[in-house]
Amino acid sequence: MALSYYTEELKKNAAALAQPGKGILAVDESTKTVGKRLASINVENSEENRKAYRGMLFTTPGLGEFISGAILFEETLFQSHTDGEPMVKKLETLGIIPGIKVDKGLCPLPGGKNVETFCSGLDGLVQRAADYYEQGARFAKWRAVLQITEDGSPTNLSIKENAWGLARYARSVQESGLVPIIEPEILMDGAHDITKTAMIQEAVIKEVYMACQLNGVLLEGTLLKPSMTVPGAGCPKKADPQKVAEMTIQTMERCVPSSVPGIVFLSGGLSEEAASVYLNLMNKIERKAKWNVSFSYGRALQHSCLKAWQGSNTKAGQKALLARSQANSEASKGCYIAGSQPSSDEALFVAGYSY
Ligand code: 13P
């Protein structure tokens, strides 16, 4: 099917995902990564346990008031809840749009520097996206990763390759009716300061939109999922929340076209509380463009929830998830009061993190 067949639907679904006061729940950890999460609460990484955990998340009463979409791993998109009803149906009941991670992970970039990667999964993507649409998915995610190093990463090669991959992906899934979430993550690894992050992030995001232009991506039917403009985790000068908010909005204003309906940040290893506080401060700044500025958090929505759940405590897990979802919903409107909802200050940063 040509992209033009889906134009109105893509715009409608992108607008629904970016509606004010709501954000996205990222639960698309690969089987290996979710295994690390489950191991942290001594739960075995079996299909039954993954189903129990994600089934608990997707039956949280009232979650749809704060969450517009949930990004799933392929296993979950085709999985049923323990009660037999498909997970997709559970989400739809809550008014949450199901999405799917479509990339096939990072590979070393030939010709790039040590840490540099490209994101794989373009082959056969139009057809795979059509299969996911058939299964109920209405949006997709592709995560490209760049790292700032003292020896000159990201190189121009890696910026161009990752931008091109994101744009090719975006166009491919739009041809099958899925709204692409375009995710160029700049890792927090490194000791660089916030000015350096801003400079690199501007170069990366501008390149992404140039590649989108060349690939004919319908911008009104996309969302951007960037990292926030923060100093490296090892930077001696610690992040000042107001400065992070101002620099992040400045970066977005310099790079993101106003036809993009929403920017949904990743949490990238920030603590739950920091992720909410930074988002809240961003939403207090008057902006030049009208994009909705919200969240698409993984770790910063699930950390307390996993701890509360402990493998079987459904009510406690759901309560923790709802608390962080509400906090971030408030932050997306600039009215979050720090500490008003239970949260964790624990930094969730892990060097060289893979999702
Ligand atoms: P974090 O919020 O844990 O960074 O994850 C979001 C995500 O989906 C990364 O691809």
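Read the numbers this way: they start at 1 and go in the same order the structure lists the ligands and their atoms. Quick caveat, the model's predicted, so the values are computed rather than measured.
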Check your understanding: Does the pair E9/R138 count as a salt bridge with the N-to-O cut at 4.0 Å?
Key ->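 Looking at E9 and R138, the cut-off is met.
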Exercise for review: Test L122 against W142 for side chain to side chain contact (heavy atoms under 4.5 Å, CB included), laying out the working first.
Suggested key: CA-CA 10 Å; L122 287 173; W142 177 282; 3.7 Å; yes
**Study point:** Polar side-chain atom of E29 near backbone of G298 as donor-acceptor pair, under 3.5 Å
**Key:** no
Check your understanding: Would a distance-only check, ignoring hydrogens and angles, find a side-chain to backbone donor-acceptor pair under 3.5 Å from Q310 to K307?
Key -> yes
Those atoms of ligand 1 less than 4.0 Å from some heavy atom in [X]:
X    : value
S267 : 1 (P), 2 (O), 3 (O), 4 (O)
A26  : 8 (O)
Y297 : 2 (O)
G268 : 1 (P), 2 (O), 4 (O)
R299 : 1 (P), 2 (O), 3 (O), 4 (O)
S296 : 6 (C)
K141 : 7 (C), 8 (O), 9 (C), 10 (O)

Review point. Do N45 and R50 get their side chains close enough for a donor-acceptor pair, meaning under 3.5 Å?
Key: yes
Check your understanding: Does a donor on one side chain and an acceptor on the other come within less than 3.5 Å for E116 and Q147?
Key ->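 Note: E116 and Q147 side chains miss the donor-acceptor criterion.
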Check your understanding: Does some non-hydrogen atom of A300 fall short of 4.0 Å from ligand 1?
Key -> no
Exercise for review: Check if K225 has a non-hydrogen atom at a distance under 4.0 Å from any atom of ligand 1.
Suggested key: yes
Review point. Any N/O of G298 closer than 3.5 Å to an N/O of ligand 1?
Key: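 Right, the criterion is met.
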Exercise for review: Go through Y133 and Y6 one step at a time and tell me if the ring-ring contact (aromatic ring centres under 6.0 Å, His included) criterion holds.
Suggested key: CA-CA 12 Å; Y133 183 98; Y6 288 109; 5.7 Å; yes
